[in-house]
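The structure under discussion appears below in the form of structure tokens.
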Number of protein chains: 2
Amino acid sequence: MGPSDIDVTASGLAEPGLAGHPGLPTADIAESCRPVTEILSRIGDKWSILIVMVLSDGPRRFTQIKHTIDGISQRMLTLTLKGLERDGLVTRTVTPTIPPRVDYELTALGHSLREPVNALGRWAFANRPAILKARALFDRT
Amino acid sequence: MGPSDIDVTASGLAEPGLAGHPGLPTADIAESCRPVTEILSRIGDKWSILIVMVLSDGPRRFTQIKHTIDGISQRMLTLTLKGLERDGLVTRTVTPTIPPRVDYELTALGHSLREPVNALGRWAFANRPAILKARALFDRT
DNA sequence: CAGGATCCCGTGAGATACTG
DNA sequence: CAGTATCTCACGGGATCCTG
């Protein structure tokens with residue numbers, strides 16, 4: 001999650017519409033896919049999806065998340081949570097007790113993300129055998 | 001402290017074949033999300049989705065793809081195509097003429113991937129304004 | 001407890017240059 | 001045309017130590 005923006009080219013607004021109808025000028029495909037790739041670079045990292053999944057049951061505290069997701073460093077947890085908060089997917093509520101308590105919770109936007117992600121998850125789960133098989137076959141030769 | 005102090009309701013994760021059989025310890029969330037993260041690391045890179053989108057109209061030649069996707073290096077195009085081929089999402093057909101001709105085409109598996117990706121794309125497009133707004137707000141303070 | 005500040009390393013990916 | 005082979009660098013991300 002860089003400090004700066006994602007947009008690379010002109011400050012322009014990409015035109016709507018997803019790619020894929022015959023007759024569509026192919027040169028614009030990258031342009032029309034920009035929102036997708038943008039989101040993918042947001043949730044396509046190593047931890048975002050896991051955090052969203054963990055939070056889908058309700059609010060969780062920092063260390064609670066940390067212990068639920070095995071292998072995540074507190075650095076990456078902090079950074080990823082901050083990124084999710086920045087994009088409005090997660091809220092952060094501090095209770096200034098001693099020791100401090102911080103709760104993270106999915107926003108409505110964050111919850112709505114679960115649907116397409118679950119769709120992808122179902123695809124992944126359903127086609128994993130095929131992929132693994134293709135992969136094994138490819139690697140053998 | 002153990003996994004026992006974490007409340008397990010798992011209502012949200014109970015997707016068919018996905019995470020969360022009821023009563024599943026939350027510690028296994030990462031485990032049950034593995035297929036998703038696996039796929040995400042496959043298509044979550046910088047170019048895979050774009051290539052799949054370009055190929056969704058039908059077979060394309062190497063340089064055709066290269067010129068359609070602006071900014072991709074031939075190195076990354078080769079590598080990404082090889083990865084997609086390895087996972088059974090794309091076929092590679094060589095016509096040994098001089099100069100050689102190589103066509104890439106989506107497999108049925110590759111085509112089926114477009115549906116969940118498009119779902120994600122619709123989400124991305126619909127919620128992009130909200131995300132950008134949240135981002136701008138977050139960055140101002 | 002929650003998170004900042006550093007240090008460090010592997011690898012993702014761009015820029016050429018060469019080949020069948 | 002469709003790649004392979006290097007060189008290079010930026011950055012994602014882990015480990016560790018420090019603070020309010």
Side-chain angles (χ1 to χ4, degrees), chain A residues 1-6 8-9 30 37-38 40-51 54-55 59-87 90-105 138 141, chain B residues 1-2 5-6 30 37-38 40-51 54-55 59-87 90-105 138 141:
Chain A
M1 281 138 255
S4 50
D5 294 336
I6 300 179
V8 199
T9 51
T37 32
E38 220 179 85
L40 243 79
S41 68
R42 167 84 286 268
I43 65 169
D45 65 65
K46 202 171 174 181
W47 304 110
S48 291
I49 287 288
L50 285 174
I51 294 182
V54 168
L55 290 181
R60 291 284 188 276
R61 298 182 58 175
F62 186 85
T63 36
Q64 231 174 341
I65 307 176
K66 179 158 169 39
H67 283 98
T68 304
I69 301 180
D70 201 57
I72 193 171
S73 62
Q74 85 285 45
R75 177 186 136 89
M76 286 322 292
L77 182 53
T78 304
L79 285 180
T80 310
L81 281 170
K82 193 175 292 180
L84 293 171
E85 187 197 358
R86 181 170 113 102
D87 285 357
V90 159
T91 59
R92 184 187 122 107
T93 4
V94 183
T95 315
T97 56
I98 295 179
R101 173 199 178 97
V102 181
D103 285 274
Y104 292 91
E105 185 172 12
F138 185 90
T141 61
Chain B
M1 343 206 334
D5 63 345
I6 299 177
T37 32
E38 221 179 85
L40 243 80
S41 69
R42 168 86 283 272
I43 64 168
D45 65 64
K46 203 171 174 183
W47 304 110
S48 291
I49 288 289
L50 285 174
I51 293 181
V54 168
L55 290 181
R60 292 284 188 277
R61 300 182 58 173
F62 186 85
T63 35
Q64 229 174 344
I65 306 176
K66 180 157 169 38
H67 283 98
T68 305
I69 301 180
D70 201 56
I72 194 172
S73 62
Q74 85 283 46
R75 176 187 135 89
M76 286 321 293
L77 182 52
T78 304
L79 285 179
T80 309
L81 281 170
K82 194 175 292 180
L84 292 172
E85 186 197 359
R86 182 172 112 103
D87 286 357
V90 158
T91 58
R92 184 186 121 110
T93 7
V94 185
T95 314
T97 55
I98 294 179
R101 173 198 179 99
V102 180
D103 285 273
Y104 292 92
E105 185 171 12
F138 185 90
T141 62

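Order of the sequence lines fixes the chain letters, A, B, ..., with proteins taken first and strands second; residue numbering starts at 1 for each chain.
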**Request:** Specify the separation, in whole Å, of atom CD1 of B:Ile65 and atom C1' of D:dC1.
**Result:**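 It works out to 13 Å between those atoms.
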**Asked** Can you tell me how far C1' of D:dT4 sits from CZ of B:Phe62, to the nearest Å?
**Response** 11 Å
**Message:** Applying side-chain contact (heavy atoms from CB on, under 4.5 Å) to B:Leu81 and B:Ile51, what does each step give before you reach the verdict?
**Reply:** CA-CA 8 Å; B:Leu81 281 170; B:Ile51 293 181; 3.8 Å; yes
Short side-chain N/O contact from [X] to OP1 or OP2 of [N], under 4.0 Å:
X	N	answer
A:Lys66	C:dA2	no
B:Lys82	D:dG3	no
A:Thr97	C:dC1	no
B:Thr63	D:dA2	yes
B:Arg61	D:dA2	yes

**Asked** Starting at the 5' end of DNA chain D and moving along, which residue's nearest nucleotide shows up first, A:Trp47 or B:Asp103?
**Response**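 That would be B:Asp103.
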**Fill in**
DNA chain C nearest-nucleotide lookup for A:Val102 and A:Arg75: closer to the 5′ end is A:Val102
**Request:** By nearest nucleotide on DNA chain C, pick out whichever of A:Thr78 and A:Pro99 is the more 5' one.
**Result:** A:Pro99
**Message:** Please give me the minimum heavy-atom distance between A:Thr37 and B:Leu50, naming the atom from each residue.
**Reply:**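 In terms of heavy atoms, the two residues are closest at CG2-CG, 4.2 Å.
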**Prompt:** A:Gln74 side chain: which of D:dG20, D:dG3, D:dT16 is closest?
**Reply:**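 Nearest nucleotide to the side chain: D:dT16.
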